[in-house]
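Structure record follows, encoded as structure tokens.
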Amino acid sequence: MTNAKPFRILVVEDERDILEMVTYNLRREGFRVQEATSGEAAMRYLATDDNVDLVLLDLMLPGASGFEVCQLLRQDPKTARVPIIMLTARGDETDVVRGLELGADDYVTKPFSPRVLIARVAAVLRRRAAQAPGPDEPLRVGELFLHPGRHEVTVAGEPVRLTQTEFRTLHVLMTRVGWVCTRAQIVEALHDGFTDVTERSVDVQIVGLRRKLGAAGAIIETVRGVGYRIVDPGDAAEAPAGA
Ligand code: CA
């Protein structure tokens with residue numbers, strides 16, 4: 001990927017080898033890269049530079065952890081919207097869930113290939129550049145179409161009958177195509193003070209959705225131990241989560 005105006009990326013990583021590998025590959029792709037080897041250094045840097053487009057954040061850092069950095073970035077209005085991709089240890093789904101719930105946008109599992117990392121960075125920047133859909137905006141992913149105002153779902157033009165909770169679950173996922181939603185995030189989005197939705201019942205909604213959507217249900221991907229996401233079948237450039 002080459003950019004007319006290069007994107008600026010802050011890489012926060014204390015392991016020298018990984019830092020060098022990441023930095024080298026990002027620069028080769030035309031990104032401008034700033035390095036930080038601790039959470040404190042990252043926070044200091046972000047206090048002086050308003051133009052960081054994305055933060056690659058290792059979770060295991062000396063001093064302030066990646067979680068703390070993530071939380072601080074989200075609390076500060078200046079950095080609240082900067083995309084964060086976490087670098088996590090393989091098999092640490094609990095860390096991934098915690099990070100996503102603290103406001104990280106995506107994650108890459110170590111060890112990762114430069115190709116996967118670059119693809120994820122590009123995907124996050126692309127999704128962030130796209131306008132977030134409004135709450136009443138009709139949504140389409142492949143053959144699946146959802147109209148919030150009309151409470152209507154069709155697959156290849158054929159109507160699909162969903163329960164209220166199934167419909168809202170699908171709406172949450174379709175509003176955030178490509179992003180992983182944790183169960184707790186889905187529960188929060190569904191909460192209206194009347195319906196009693198638990199994290200376990202999210203799984204039940206997904207089973208129902210997949211069954212009713214038929215072949216189109218395959219776009220709802222289970223991210224094991226983390227949650228769910230909808231993958232646009234047209235988005236072939238994107239590597240699966242944790243690959
Ligand atoms: Ca580390």
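In what follows, every heavy atom counts, from backbone to side chain, and hydrogens, waters and symmetry copies are set aside. Read the numbers this way: they start at 1 and go in the same order the structure lists the ligands and their atoms.
To the nearest 0.5 angstrom, Asp92 atom CG is 11.5 Å from Tyr107 atom OH.
The ring pair (Phe, Tyr, Trp, His ring centres under 6.0 Å) pairs that include a residue from residues 146-168 are His151-Phe167, where partners are two or more places apart or lie in different chains.
The angle Glu15:OE2 - the Ca ion (ligand 1) - Met60:O amounts to 160°, with values rounded to 10 degrees.
If you look at Asp14 and ask which of its N, O or S atoms sits nearest the Ca ion (ligand 1), the answer is OD1. When the Ca ion (ligand 1) is compared with the N/O/S atoms of Asp58, atom OD2 turns out nearest.
For Arg32 and Asp53, the salt-bridge test fails: no basic side-chain N is under 4.0 Å from an acidic carboxylate O.
Scanning for side chain to side chain contact (heavy atoms under 4.5 Å, CB included) contacts around Asp105 gives Arg74, Pro83, Ile84, Arg128, Trp179, with sequence neighbours left out.
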